[in-house]
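Quick notes on the structure that follows.
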Amino acid sequence: CTLFVNPIFRGLGIGTALVEKSIELLGTDKPLITIADYKLPMFEGLIKKYHWEQTQVVTGLYNDRSKELVYNGYLDTQITK
């Protein structure tokens, strides 16, 4: 799924609340997440806040123009392609 907060509501803690609830439901504070490289600036605050670790970079996953940055785990690229 995609985490998205409408720009007019950003900075109000909505994204943090969504992440906190996701962490609670998933039972881990280090969920496997992926972010397109060109969207990284939008998520850097959350990545730093939760100390998520980039563990993999996948090219050609969705298109040939961007890389998918993987945090807290690894994608099996044989399955995802």
Side-chain angles (χ1 to χ4, degrees):
C1 73
T2 299
L3 175 66
F4 178 82
V5 176
N6 188 308
I8 63 174
F9 297 107
R10 291 181 187 164
L12 301 175
I14 295 169
T16 296
L18 290 170
V19 170
E20 290 287 333
K21 188 62 175 177
S22 298
I23 285 172
E24 177 186 330
L25 292 171
L26 292 169
T28 179
D29 60 352
K30 303 288 184 194
L32 173 65
I33 65 166
T34 68
I35 300 171
D37 60 352
Y38 62 91
K39 293 184 178 182
L40 182 60
M42 295 171 50
F43 293 94
E44 283 180 315
L46 287 172
I47 292 166
K48 289 178 185 176
K49 180 175 185 164
Y50 294 102
H51 307 286
W52 291 339
E53 179 184 349
Q54 183 180 324
T55 50
Q56 186 180 21
V57 177
V58 179
T59 56
L61 186 59
Y62 297 112
N63 61 56
D64 294 332
R65 297 178 306 276
S66 66
K67 296 175 184 172
E68 200 69 10
L69 309 177
V70 183
Y71 292 82
N72 306 320
Y74 296 89
L75 293 180
D76 183 341
T77 56
Q78 298 303 314
I79 293 172
T80 56
K81 286 188 178 181

| Euclidean distance, E68 CD relative to T34 OG1, rounded to 0.5 Å |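 It comes to 4.0 Å.
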| task | Working to the nearest 0.5 Å, report the span between NZ of K39 and CG of L3. | result |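 Rounded to the nearest 0.5 Å, the NZ-CG separation comes out at 10.5 Å.
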| query | Counting distance only, does the side-chain N/O of N72 pair as donor-acceptor with the main-chain N or O of P31 below 3.5 Å? | reply |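 Checked: pair present.
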| said: Check whether K30 reaches the backbone of H51 with its side chain - one donor and one acceptor, N or O, closer than 3.5 Å. | reply: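 A pair under 3.5 Å: yes.
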Do [X] and [Y] share a hydrophobic cluster (ILVMFWY, side-chain heavy atoms under 4.5 Å, transitive)?
X   : Y   : value
V58 : I35 : no
L12 : V19 : yes
I14 : I23 : yes
Y74 : Y62 : no

| Residues in ring-ring contact (aromatic ring centres under 6.0 Å, His included) with Y50, at least two apart? |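 For Y50 the ring-ring contact (aromatic ring centres under 6.0 Å, His included) partners, ignoring immediate neighbours, are W52.
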| What pair of heavy atoms forms the shortest contact from L75 to Q56, and how long is it? |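 Closest heavy-atom pair between L75 and Q56: N-OE1, 2.7 Å.
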| said: Taking salt bridge (Lys or Arg N to Asp or Glu O under 4.0 Å) as the definition, give me every residue that meets it alongside K48, ordered by chain and number, with sequence neighbours left out. | reply: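 Scan of K48 (salt bridge (Lys or Arg N to Asp or Glu O under 4.0 Å), adjacent residues dropped) gives none.
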| field | side-chain contact (heavy atoms from CB on, under 4.5 Å) against L40, all qualifying residues, sequence neighbours excluded | value |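 Partners of L40 under the side-chain contact (heavy atoms from CB on, under 4.5 Å) test: E44, I47, L69, Y71.
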| query | Should K21 and L25 count as side-chain neighbours, where that means a heavy-atom distance under 4.5 Å? | reply |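 A side-chain contact under 4.5 Å exists here.
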